[in-house]
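Note sheet for the following structure.
Only this structure's heavy atoms are used, side chains among them; waters, hydrogens and symmetry mates stay out. Here the structure is a predicted model, which means the values were calculated and not measured. Below, chains carry the letters A, B, ... as their sequence lines are ordered, and counting in each starts from 1.
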Amino acid sequence: MVRVRFAPSPTGPLHIGGVRTALYNYLFAKKNNGIFILRIEDTDQNRFVAGAEEYILESLEWCGIKFDEGVHVGGKYGPYKQSLRANIYAEYINILIKNDKAYYAFETSEELNDLRKEHESRGETFQYGINNRKKLKNSLTLSSSEVSNLLNSGHPYVIRFKVPENKEIIINDIIRGEIRVKSEIIDDKILFKSDGLPTYHLANIVDDHLMDITHVIRGEEWLPSLPLHVLLYEAFEWEMPEFAHLPLILRPDGNGKLSKRDGDRLGFSVYPITWKDPKSGEIYRGFREDGYYPEAFVNMLALLGWNPGDDKEIMSMHEMIEAFDLKHVHKAGARFDPVKAQWFNHVYLQSRDIKLVAEEFKNELTKHGIDITIEKAEYISEMMRERVNFVKEMVTEAMFFFKAPEELDMKAIKKWGTEKSLEWINDIIEKFKEMTTFESTIIDEVMNKYVKEKELKAGNFYNTIRICLVGTSKGPHLSKIMEYIGREETISRLEMGKRYF
RNA sequence: GGCCCAUUCGUCUAGACGGCCUAGGACGCCAGGUUUUCAUCCUGGAAAUCGGGGGUUCGAAUCCCCCAUGGGUCACCA
């Protein structure tokens, strides 16, 4: 049985890289009829951010990523929050101590900082590990009575992993293949902090083991600590899960990975939903609030570093599950492209149930103080949606349905208007007044007949009229606009437009 | 700086066993067509000598080596 987990720490909002990691875990689990688990890794109480956990839950729910086990849904392997598992880690660290795989160390963080600085000034890098642990203040160098004295006196201590000497660690990553590292370069990492809580490395390995995780799928930033994790599994004599390290998502411009500020700087979201920093009060925009459909967002995100093995790009969650394979995850980092992201939403908007689009459009209009019936909203949505990427864009694009243009586009008038324009406007106003029903198809008949009789160039005539109604030479079929705004308003706008020609 | 990872059109990518690749698709861009306008849509085009240099081979984007570049990571953070 495949069991995978997404294990974020609640230190802030989840950015799209994190969402993608969750998504790939989810797709992999579902593809293999496995279990998907949410575990909260909150062993660092200093970095706790209020609302972050709720944010993660809400974001993933919006994306349609569901968990089988986890903090919010329960399960047999709980608790799923590491701060609630402190006693478990204590138990396992003692096993390591007992088996001489870990040791107590008594340097304070200040002392360590000094050591680092000192080494740095000599152009060296300080490493607490195989090469110098025999020279430092720890249970490897101190006598057992000295150690128990320190421990009993309440002197702060940490527990460090005792990296085995002269070992080459060979790991097989599903995405990257074989990776080799020598144990000499690995630090004796702190496994247990002086506050009595484990660090990520210990908690992560213990939990993955206890929760029967079969595949660890996580970001590439974890690759450097993979050898340590492998060594930990060996120290515990546990069977290892398989590993897959995902490439990073890079910023659209310049260098480096996508970060918090990029979105605001470049004008797009890097977060799935809006996040308000509880401390600073700063607000970071989200894809949801930008108007993206979750289906489009998820589809776009999935293809940022993965492909189904063919040319298919538009895929439902179900189709992605069917096609998902870690072998098709690209190895190199992917540069996020906001323009293509918009295209995905455009495609989803076109195939969406028009009733839903109408409802969304109606809601957007309400925000702008415009209230129309759902039928009218559908009428407009039908002809406007193909011109935009987001429903909210329809509001500005369709404003002429609700308000007469304040001024007319002089460039358009120059291009389409003629010395006869004024005459046409007057003539057509008269024709409109004579009509019994002011309905789109009949309006077309009347106008077409006029154009034929007068032998006009269609473009000049229709755009003269259009500019009066819309303000410029664009928009959906003219008679549809006229029918919507009605005869009175149509004539009024034509009268108003006359002074421009 | 040490260690690790990566490197195909501007961007996302195809490229599982070397020959089907004079490198395919998508976004974007450009042109033409459709449209009474704009957009959509359709058709076409420009766009990667596969980071560079050496090998191996009858043959390499695909295998090997070196170099360069980019990235990640080196916390009592995850």
Side-chain angles (χ1 to χ4, degrees), chain A residues 7-11 41-44 46-47 82 105 107-109 112-113 116 120 123-127 156-160 173 175-176 179-182 184-187 189-195 197-201 203-204 218-227 245 247-248 250 252 255-257 300 303-314 327-328 330-344 346 350 383-388 397 412 415-416 444 447-448 451 456-467 470 472-479:
Chain A
S9 64
T11 54
E41 308 218 326
D42 57 347
T43 51
D44 183 9
N46 298 323
R47 293 214 307 158
Q82 290 187 329
E107 289 83 6
T108 63
S109 4
L112 289 171
N113 272 338
R116 278 191 203 100
E120 207 174 303
E124 294 168 19
T125 326
F126 173 72
Q127 194 186 11
Y157 68 91
V158 298
I159 299 172
R160 286 180 181 272
D173 184 279
I175 295 168
R176 275 146 227 286
I179 297 162
R180 290 162 176 269
V181 180
K182 290 192 174 60
E184 274 64 31
I185 64 111
I186 303 170
D187 289 13
K189 281 272 186 249
I190 293 175
L191 262 22
F192 226 73
K193 301 178 283 181
S194 55
D195 64 2
L197 285 171
T199 58
Y200 170 84
H201 304 294
N204 190 264
R218 77 233 291 198
E220 192 188 316
E221 68 268 26
W222 291 109
L223 210 45
S225 42
L226 178 58
H245 288 84
L248 266 14
L250 277 14
N255 304 324
K257 63 172 174 178
M300 176 277 293
L303 257 32
L304 214 52
W306 169 79
N307 72 83
D310 57 31
D311 287 342
K312 202 156 187 211
E313 289 205 287
I314 300 300
K327 292 249 157 39
H328 277 116
H330 203 242
K331 287 187 176 105
R335 215 172 277 264
F336 172 64
D337 181 2
V339 177
K340 187 149 187 181
Q342 293 181 353
W343 172 78
F344 272 99
H346 175 84
Q350 306 319 310
M383 57 183 134
M384 291 304 288
R385 71 159 153 192
E386 65 195 23
R387 336 171 72 85
V388 297
E397 290 295 308
K415 182 173 179 192
W416 297 105
D444 273 334
M447 292 196 294
N448 288 339
V451 168
L456 304 180
K457 271 200 164 165
N460 290 313
F461 170 75
Y462 284 107
N463 278 302
T464 294
I465 306 302
R466 174 180 295 277
I467 290 164
V470 175
T472 186
S473 60
K474 62 176 194 179
H477 199 74
L478 246 189
S479 62

Pairwise C1' distance for B/C58 and B/G71, with rounding to whole Å = 39 Å

Heavy-atom pair with the smallest gap, counting every atom of A/A332 and A/P247 | O-CB, 3.2 Å

Mind checking A/P247 for me? I need base, sugar-phosphate or nothing, with any heavy atom below 4.0 Å counting as a touch.
-> nothing

A/H328 versus A/N307, closest heavy-atom pair with distance = CB-O, 3.1 Å

Given that both distances must come in under 3.5 Å, which nucleotide forms a Watson-Crick or G-U wobble pair with B/C50?
-> none

Separation of the P atoms in B/U49 and B/U22, to the nearest angstrom = 15 Å

A/R116: salt bridge (Lys or Arg N to Asp or Glu O under 4.0 Å) partners, not counting sequence neighbours = none

For A/W416, enumerate each residue passing the ring-ring contact (aromatic ring centres under 6.0 Å, His included) test, keeping only those at least two apart in sequence or located in another chain.
-> none

To the nearest Å, how far apart are A/K312 NZ and B/C12 C1'?
-> 18 Å

Between A/K193 and A/T43, which heavy-atom pair has the shortest distance, and what is it?
-> NZ-O, 2.8 Å

On a heavy-atom basis, the closest approach of A/S479 and A/D444 is OG-OD2, 3.0 Å

Base, sugar-phosphate, or nothing for A/K182, non-hydrogen atoms under 4.0 angstrom?
-> nothing

Report the distance from atom NZ of A/K257 to atom P of B/G72, rounded to the nearest whole Å.
-> 6 Å

Distance between C1' atoms of B/C21 and B/C4 (Å, rounded) = 32 Å

Spacing of the P atoms in B/U56 and B/A14 (rounded, Å) | 30 Å

A/K340 and A/E313 ion-paired at < 4.0 Å = yes

Which nucleotide in the list B/U11, B/C27, B/U37 gets nearest to the side chain of A/S473?
-> B/U37

Would you kindly give the CD-to-P distance between A/Q342 and B/C12, to the nearest whole Å?
-> 17 Å

Below 3.5 Å is the cut-off: list the nitrogen or oxygen pairs between protein and nucleotides 75-78 of chain B, distance only.
{"residue": "B/C76", "atom": "OP2", "partner": "A/R116", "partner atom": "NH2", "Å": "3.2"}
{"residue": "B/C76", "atom": "O2", "partner": "A/S194", "partner atom": "N", "Å": "2.8"}
{"residue": "B/C76", "atom": "O2", "partner": "A/S194", "partner atom": "OG", "Å": "2.6"}
{"residue": "B/C76", "atom": "N3", "partner": "A/S194", "partner atom": "OG", "Å": "3.0"}
{"residue": "B/C76", "atom": "N4", "partner": "A/E107", "partner atom": "O", "Å": "3.0"}
{"residue": "B/C76", "atom": "N4", "partner": "A/S109", "partner atom": "N", "Å": "3.3"}
{"residue": "B/C77", "atom": "O2'", "partner": "A/D44", "partner atom": "OD2", "Å": "3.2"}
{"residue": "B/C77", "atom": "O2'", "partner": "A/R47", "partner atom": "NE", "Å": "3.0"}
{"residue": "B/C77", "atom": "O2'", "partner": "A/R47", "partner atom": "NH2", "Å": "3.2"}
{"residue": "B/C77", "atom": "O2", "partner": "A/R47", "partner atom": "NH1", "Å": "3.4"}
{"residue": "B/C77", "atom": "O2", "partner": "A/R47", "partner atom": "NH2", "Å": "3.1"}
{"residue": "B/A78", "atom": "OP1", "partner": "A/T43", "partner atom": "OG1", "Å": "2.8"}
{"residue": "B/A78", "atom": "OP2", "partner": "A/Y200", "partner atom": "N", "Å": "3.0"}
{"residue": "B/A78", "atom": "O3'", "partner": "A/E41", "partner atom": "OE1", "Å": "3.2"}
{"residue": "B/A78", "atom": "O2'", "partner": "A/S9", "partner atom": "OG", "Å": "2.8"}

For B/C3 and B/U8, measure between their P atoms and round to the nearest Å.
-> 24 Å

Return the value, rounded to whole Å, for the distance between atom CZ of A/R466 and atom P of B/U35.
-> 15 Å

Scan every strand shown for a Watson-Crick or G-U wobble partner of B/C29, both distances under 3.5 Å, and answer none if you come up empty.
-> B/G45

Partner of B/U22 by Watson-Crick or G-U wobble geometry, both contacts under 3.5 Å, or none?
-> none

Heavy-atom nearest pair, A/L303 first then A/P308, reads CD1-CD, 4.4 Å

Whole-Å distance, A/W306 CH2 to B/A14 P, equals 11 Å

Tell which nucleotide pairs with B/U35, taking only Watson-Crick or G-U wobble pairs whose two distances are both under 3.5 angstrom.
-> none

Could you pull out the protein-nucleic contacts involving nucleotides 24-26 of chain B (nitrogen or oxygen on both sides, under 3.5 Å)?
{"residue": "B/A26", "atom": "O4'", "partner": "A/E313", "partner atom": "OE1", "Å": "3.1"}
{"residue": "B/A26", "atom": "O2'", "partner": "A/E313", "partner atom": "OE1", "Å": "2.2"}
{"residue": "B/A26", "atom": "O2'", "partner": "A/K340", "partner atom": "NZ", "Å": "3.0"}
{"residue": "B/A26", "atom": "N3", "partner": "A/K340", "partner atom": "NZ", "Å": "3.2"}

Pick the nucleotide of RNA chain B nearest each of A/A334 and A/G475; which residue has the one closer to the 5' end?
-> A/A334

Reported OG1-to-CD distance for the pair A/T11 and A/E41, which is rounded to 0.5 angstrom = 11.0 Å

Syn or anti for B/A26, with syn set at within 90° of 0?
-> anti

Pick the nucleotide of RNA chain B nearest each of A/N307 and A/W416; which residue has the one closer to the 5' end?
-> A/N307

Can you tell me the Watson-Crick or wobble partner of B/G72, both distances under 3.5 angstrom?
-> B/C3

Parallel under 30°, tilted from 30 to 60°, perpendicular over 60°: which one fits the rings of A/H201 and A/W222?
-> perpendicular

Considering only the C1' atoms, how many Å lie between B/U73 and B/C27, rounded to the nearest integer?
-> 33 Å

B/A75 versus B/C65 - spacing of their P atoms, nearest Å | 31 Å

Pick base, sugar-phosphate or nothing for A/G309, based on heavy-atom distances below 4.0 Å to the nucleic acid.
-> nothing

Gap in Å between the two P atoms, one belonging to B/U40 and one to B/C30, rounded = 11 Å

Enumerate the protein-to-nucleotides 1-9 of chain B contacts in which both atoms are nitrogen or oxygen and the separation is below 3.5 Å.
{"residue": "B/C5", "atom": "O2'", "partner": "A/R176", "partner atom": "NH1", "Å": "2.6"}

If B/G59 has a Watson-Crick or G-U wobble mate with both distances under 3.5 Å, name it; if not, just say none.
-> none

With sequence neighbours left out, write down each residue that passes side chain to side chain donor-acceptor pair (under 3.5 Å) with A/D187, or none if nothing qualifies.
-> A/Q127

With a 4.0 Å cut-off on heavy atoms, is A/G459 in touch with a base, just the backbone sugar-phosphate, or nothing at all?
-> sugar-phosphate

CD of A/Q350 versus P of B/C41: gap in Å, rounded?
-> 7 Å

Measure the distance from NZ on A/K327 to C1' on B/A16 and round it to the nearest whole Å.
-> 10 Å

At their closest point, which heavy atom of A/I186 faces which heavy atom of A/P227, and how far apart are they?
-> CD1-CB, 3.6 Å

So among A/K327, A/H245, A/K331, which one has a side chain to side chain contact (heavy atoms under 4.5 Å, CB included) with A/I175?
-> A/K331

For the side chain of A/N204 and the backbone of A/Y200, is there at least one donor-acceptor N/O pair under 3.5 Å apart?
-> no

